[in-house]
Structure formats: structure tokens, C-alpha cells
Amino acid sequence: QEELVESGGGSVQTGGSLRLSCATSGFVYSGYCVGWFRQSPGKNPQGVAAIHSDGSISSDSRKGRFTIWQDKDAGTVYLQMNGLNTGDTAMYYCAAKRVSSGEWCYASDIPTYRYRGQGTQVTVSS
């Protein structure tokens, strides 16, 4: 059974950093995407970054302040967030989906992924 468990959220001041972790289990497919999206009250969900199980990262997941990577052996995907500002305040969710051979993982698609965790809150104060 597929499962995603997030951790690492918290409260920081503007300019601070946080590292989010997504522990995955049950993804026994040959190819899958794992990514992060965020959502604030009253706003649409926004894809942040995604990574393919083979380690590939699409250009829209390569953002200046945020870096995604994975520890395949540990089954964990990380999101390092630096230079945080109040606009980054949101609930951050880890999500995953199975993909076909040759299919890329795009950040914009993350909110539609089939599997998601419970989320971890990130609050940035000025």
C-alpha cells in the first residue's frame, strides 16, 4: 500500500530555511514521480517541485530558492527551502503518481497526483 509521510515544517522568520522530508513506502513501480505542492487558504494549490524515481528533474522543478532531491535507498524525497518569505507560508503536501516509460514529472501537475500525504505546515513571519 502506497504511503507518504511529510515532516520538517515549522515556523521561521523571513530569510530563514527549512528542509521538508517525504518518507515514501509501497511504490514498487518501475517509474513514479514524487513532488511537493503547497496550498494556502483561499488559493489554488501550486506545484513546487517534482522528481522522477530515476532522479530526473524537469526545468520547472528547478527553482532558485528550492531544491528537490531523493535518497532512493531511504525512500525519502527532500525539499530544501532557502530565503523563505511570507509568500511561502502554506501547507506543503508530498504527492506521488505512477508514470509510464519516458514520461516526465512536471511541477504543474503535482496537485493532480493520485497519492498524497497529510501535509506539513510552513509559516514564515516578517
Side-chain angles (χ1 to χ4, degrees):
Q1 183 176 354
E2 298 83 355
E3 186 177 17
L4 303 166
V5 179
E6 304 97 333
S7 61
S11 297
V12 297
Q13 292 189 324
T14 297
S17 298
L18 283 173
R19 178 178 296 179
L20 306 183
S21 300
C22 175
T24 71
S25 60
F27 291 88
V28 297
Y29 320 119
S30 59
Y32 55 92
C33 299
V34 180
W36 294 90
F37 74 93
R38 63 188 184 184
Q39 188 165 20
S40 303
K43 293 187 177 180
N44 291 329
Q46 178 187 21
V48 177
I51 186 168
H52 194 283
S53 52
D54 68 5
S56 302
I57 302 173
S58 64
S59 58
D60 74 340
S61 292
R62 296 183 182 277
K63 303 182 189 300
R65 295 184 297 120
F66 295 177
T67 302
I68 189 170
W69 78 97
Q70 65 180 354
D71 182 337
K72 198 71 179 295
D73 292 335
T76 303
V77 174
Y78 301 94
L79 183 69
Q80 178 68 38
M81 305 187 296
N82 298 326
L84 288 164
N85 57 61
T86 56
D88 296 315
T89 294
M91 183 71 80
Y92 284 71
Y93 296 90
C94 180
K97 71 168 184 177
R98 184 177 183 178
V99 295
S100 303
S101 177
E103 185 175 350
W104 279 83
C105 306
Y106 294 105
S108 58
D109 296 335
I110 300 170
T112 68
Y113 285 7
R114 177 177 180 179
Y115 306 100
R116 61 176 61 179
Q118 295 299 309
T120 185
Q121 178 68 38
V122 172
T123 302
V124 186
S125 58
S126 58

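Since the structure is predicted, the reported quantities are computational estimates derived from the model, not experimental observations. Positions are given from 1 along the sequence.
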d(Q13 CD, L84 CG) to nearest 0.5 Å is 12.0 Å
Measuring from atom CH2 of W69 to atom CD1 of I57, what distance do you get when rounded to the nearest 0.5 angstrom?
10.0 Å
Given side chains that start at C-beta, do those of F37 and D109 come closer than 4.5 Å, heavy atoms only?
no
So SG of C22 and OH of Y93: to nearest 0.5 Å the spacing works out to 13.5 Å
Quick check on the hydrophobic clustering: are Y115 and W36 connected, directly or via other members, by side-chain heavy-atom contacts under 4.5 Å?
yes
Are M91 and Y113 linked, directly or through other ILVMFWY residues, by side chains that come within less than 4.5 angstrom of each other?
yes
Give a yes or no on whether the backbone of S53 and the side-chain of Q70 come within a donor-acceptor separation of less than 3.5 Å.
yes
Going hydrophobic residue to hydrophobic residue with side-chain gaps under 4.5 angstrom, can you get from V48 over to V34?
yes
What's the separation between atom CG in L18 and atom CE in M81, rounded to the nearest 0.5 Å?
5.0 Å
Considering only heavy atoms from C-beta outward, does the side chain of R38 approach that of D88 to under 4.5 Å?
yes
So how far is it from S17 OG to R65 CZ, rounded to the nearest 0.5 Å?
10.0 Å
Identify the two heavy atoms, one from A23 and one from T76, that lie closest to each other, and give their separation to 0.1 Å.
CA-OG1, 4.2 Å
Atom CG of N44 with >12 non-hydrogen neighbours under 6.0 angstrom
no
Using the rule that two of Ile, Leu, Val, Met, Phe, Trp, Tyr join whenever any of their side-chain heavy atoms come within less than 4.5 Å, decide whether L4 and Y32 are in one cluster.
yes
Can any side-chain N or O of S61 pair as donor or acceptor with the backbone N or O of A50 at less than 3.5 Å?
yes
Same cluster (ILVMFWY, side-chain, under 4.5 Å), I51 and F27:
yes
Checking R116 side chain against I110 main chain: does a donor-acceptor pair fall under 3.5 Å?
no
Between V122 and G9, the two heavy atoms sitting closest are CG2-CA, 4.3 Å
Expected output: side-chain S58 to main-chain C105 donor-acceptor under 3.5 Å
yes
Is any side-chain heavy atom of V99 closer than 4.5 Å to a side-chain heavy atom of H52?
yes
Validation row: D60, S108 side chains within 4.5 angstrom (heavy atoms)
yes
Heavy-atom check, side chain of E6 versus side chain of L20, under 4.5 Å:
no
Return the OG to CD distance between S21 and Q80, rounded to the nearest 0.5 Å.
9.5 Å
Under a 3.5 Å cutoff, is there a donor and acceptor pairing between the side chains of T14 and N85?
no
For the side chain of T123 and the backbone of T89, is there at least one donor-acceptor N/O pair under 3.5 Å apart?
no
Worked verdict on R98 versus E2 for salt bridge (Lys or Arg N to Asp or Glu O under 4.0 Å):
CA-CA 11 Å; R98 184 177 183 178; E2 298 83 355; over 6 Å; no
